[in-house]
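Worksheet: one structure, shown below.
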Amino acid sequence: MGTVPYSHLDLSNRDSQVQLTAALESLRQELELRADFPPEVLAEAKAAVDSFVPPERDLTGLGFITVDPPGSTDLDQAFHLERAGSGYRVWYAIADVPALVAPGGAIDTEARLRGQTMYAPDGRISLHPEKIAEDAASLLPGRNRSAFVWEFELDEAAQVESVVVGRAVVRSRAQLTYDQVQEDLDSGGAAENLTLLKEIGTKRIALEKERGGASLNLPEQEIAHDGERYFIVTRPPLASEDWNAQLSLMTGMAAAEIMLEGGVGILRTMPAPDETSLARFRHQARALGRSWPANVPYGEFLRSLDTSDPRQLSLMHAAASLFRGAGYTSFDGAIPESVEQAAIAAPYAHTTAPLRRLVDRFVLVTCEALCAGRDVPDWVRNALPELNALMSSSNQLASRLESGAIAAVEAALLSNRVGEEFDAVVITGSKPLPDASVTANGNGAPHGVIQVADPAVEARCDGVMTAGDEVRVRLVTADIARRELRFELVRSVRQEESPSESESVAG
């Protein structure tokens, strides 16, 4: 399935375009984001690239390829897959960012301030200067690049039998998109690298189910710009994305095990959902017509949901309540009491995106040193205690940027349609706030969250409603400058659940 925009801002509405541009700039200023790098950072990046000495090991003879969204230039990962007897050999290359970032230098200092690459509709705010992120460290096709290469030996079930990581020079043969990979595999004419990606990915998904792992396979929504107009793009995740993600998950799990065995590192952790959250979700599943059998792990149940069905999409959104409390846990010596990422159902570390995420650089250096039998550098050990706070702050900022940008574009899309009625499905049921005074804009009134059918936007809707209901709604506010979109309930189109079930969902 191709990526098809389902709505866009009509440039004939010049006033909305001007307001949107101003709203996006205001959002950047509000969040204190700057795309430009200080002169000393740019100078250090140029010097680092000019003086770079590649590692001695040469793996350019292997057929590495990358799979990324269209137009990507900051390519963190490449893979080469082989059969090895009844099992598999996986070569997974990760961009060698540490080689170009001097510890304590200007680039390192700036990266700690930024935390990660931020994606805005009016431009990306990179973690590293372009000379590194989109050139010297990026695993672009046809260019020799230094990388941290993970070598996995897998058995017939794609279970990891051994893993080691070391630096080497690699050369990507091709830069593919998820759509291209899916089309090649669906046509039956894919090269071995891709057929093995599907084969290994499918087996790794089966292992994920066995250990009780879970993922939220929600349709993706992002803002794009074609040079003339903004698009909100949505599509369900492709199977090729899931297979590719399994390689990254496998690497993150291996990194966690290496660090735990070595007694030093930083993990991505998340507690298991509590009984209250699980009980509520079971009520919601029953009310929405998809009872969750007691003997089925929640990860397997989520994978069974069809998000093209409005009620099951609503249920998938509700499952977000099970994925809370994620953070980072560093250690140097004693192993922490809690080391698991509950959604993955295993210890896990962020490892495979050093061009776009600060913490991965430290994990890569730690794992490579431990595999080589060397001491983990002091600059890594000294940074571990502060990485949790740095990444948590950065994640919060990225979330605010994403939600604010989508809200601004959606308001612009609908700015000339205030008063019109739309078909929608309720994603989150209304939650009346007792004893709260209702203000002019509806704050304090019962309200929920809806998914409008066309254009497909999510927004607040005032009124008493139940998750999964198909409803008719009226647009009452589309304020671009305030990035606010609000509807009111006109009527329910379908409401099949019993009163007791409705109360359990709405409450």
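Please read these numbers as outputs of a predicted model, since none were measured by experiment. The figures here come from the full heavy-atom set of this structure, side chains too, leaving out hydrogens, waters and symmetry mates.
Formation of a donor-acceptor pair under 3.5 Å by the Asp360 side chain with backbone atoms of Ala353 is found in this model. Looking only at distances, a side-chain donor or acceptor of Ser403 sits under 3.5 Å from a matching main-chain atom of Arg400. Between the side chain of Asn193 and the main chain of Gly63, a donor-acceptor pair closer than 3.5 Å is present. Within the 3.5 Å criterion, the main-chain N or O of Phe301 finds a donor-acceptor partner in the side chain of Ser304. Under the 3.5 Å distance criterion, the side-chain polar atoms of Arg211 are left unmatched by any main-chain donor or acceptor of Lys209. Judged by distance alone, with hydrogens and angles left aside, the side-chain atoms of Arg89 form no donor-acceptor pair with the main-chain N or O of His80 at under 3.5 Å. Of the possible polar contacts, none joining the Ser72 side chain to the Asp74 backbone as a donor-acceptor pair under 3.5 Å is found. Side chain of Ser138 to backbone of Thr73: a donor-acceptor contact under 3.5 angstrom is found. Ser394 places no side-chain N or O within 3.5 Å of a backbone atom of Met391 that could act as its donor or acceptor partner. Ser26 places no side-chain N or O within 3.5 Å of a backbone atom of Ala22 that could act as its donor or acceptor partner.
Side chains of Thr269 and Thr329: a donor-acceptor N/O pair is present below 3.5 angstrom, by distance only. Between the side chains of Asp179 and Thr177, no donor N or O sits under 3.5 Å from an acceptor N or O. For the 3.5 Å distance criterion, the side chains of Asn395 and Gln116 qualify, holding a donor opposite an acceptor. Glu153 and Ser162 share no donor-acceptor pair across their side chains, judged by distance under 3.5 Å alone. A donor-acceptor contact closer than 3.5 angstrom is absent between the side chains of Asp155 and Gln159.
Heavy-atom minimum distance, Arg167 versus Ser146: NH2-OG, 3.5 Å. Across all their heavy atoms, Pro98 and Arg361 have their closest contact at CG-CG, 3.6 Å. Here the closest non-hydrogen pair linking Glu156 and Tyr88 is O-CE1, 3.8 Å. What you find for Met259 and Cys367 is that their closest heavy atoms are CG-SG, 3.9 Å. Annotation for Ala78 and Leu139: closest pair N-CD1, 3.8 Å, computed over non-hydrogen atoms. Contact detail for Phe64 and Ala93: the closest heavy-atom pair is CE2-CB, 3.8 Å.
At a threshold of 4.5 Å between non-hydrogen side-chain atoms, the residues Arg28 and Ile125 count as touching. Residues Arg374 and Glu368 have side chains in contact (heavy-atom distance under 4.5 Å, counting atoms from C-beta outward). Using a 4.5 Å heavy-atom cutoff, the side chains of Ile406 and Glu402 are in contact. Looking only at side-chain heavy atoms (C-beta outward), Leu278 and Trp292 come within less than 4.5 Å of each other. Counting only heavy atoms from C-beta outward, the side chains of Phe331 and Leu260 approach each other to under 4.5 Å. The side-chain heavy atoms of Arg112 and Leu358, taken from C-beta on, include a pair separated by under 4.5 Å. You'll find the side chain of Phe148 stays beyond 4.5 Å of the side chain of Tyr92, heavy atoms only. Using a 4.5 Å heavy-atom threshold, the side chains of Leu140 and Ser172 count as separate.
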Residue pair Glu484, Arg460: steps toward the salt bridge (charged side-chain N to carboxylate O under 4.0 Å, His left out) verdict: CA-CA 9 Å; Glu484 181 183 354; Arg460 166 179 166 149; over 6 Å; no

Is there a side-chain hydrogen bond (donor to acceptor under 3.5 Å, both in side chains) between Thr352 and Thr251 once you walk through the steps? CA-CA 7 Å; Thr352 61; Thr251 305; over 6 Å; no

Before you tell me yes or no, could you show the steps for Glu110 and Arg34 under salt bridge (charged side-chain N to carboxylate O under 4.0 Å, His left out), namely the whole-Å CA-CA distance, both residues' side-chain angles and the distance that decides it to 0.1 Å? CA-CA 11 Å; Glu110 184 69 15; Arg34 72 171 192 272; 2.6 Å; yes

Between Asp135 and Arg143, does the salt bridge (charged side-chain N to carboxylate O under 4.0 Å, His left out) criterion hold? Intermediate values first, please. CA-CA 10 Å; Asp135 187 6; Arg143 305 185 193 182; 3.4 Å; yes

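Note: Asn244 CG to Leu238 CG = 11.5 Å, rounded to the nearest 0.5 Å. Taken from CG in Leu62 to CD in Glu82, the straight-line distance is 6.0 Å, to the nearest 0.5 Å. Here the CG atom belonging to Leu194 is positioned 10.0 Å from the CH2 atom belonging to Trp243, to the nearest 0.5 angstrom. Separation of atoms CG (Leu387) and CD1 (Ile266) is listed at 4.5 Å; rounding is to 0.5 Å.
Checked options Thr351, Val264, Ile258; the residue passing with Thr366 is Val264 (criterion: side chain to side chain contact (heavy atoms under 4.5 Å, CB included)). Between Glu208 and the options Lys203, Met250, Arg303, Glu300, a side chain to side chain contact (heavy atoms under 4.5 Å, CB included) holds for only Arg303.
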Side-chain donor-acceptor pairs under 3.5 Å in residues 339-350, sequence neighbours left out?
residue	atom	partner	partner atom	Å
Gln341	OE1	Ala343	N	2.8
Gln341	OE1	Ile344	N	3.2
His350	ND1	Tyr328	OH	2.8

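In this structure Glu25 satisfies the side chain to side chain donor-acceptor pair (under 3.5 Å) test together with Gln29, sequence neighbours excluded.
In this structure, Arg114 is positioned above the aromatic face of Phe37, its NZ or CZ under 6.0 Å from the six-membered ring centre and within 45° of the axis.
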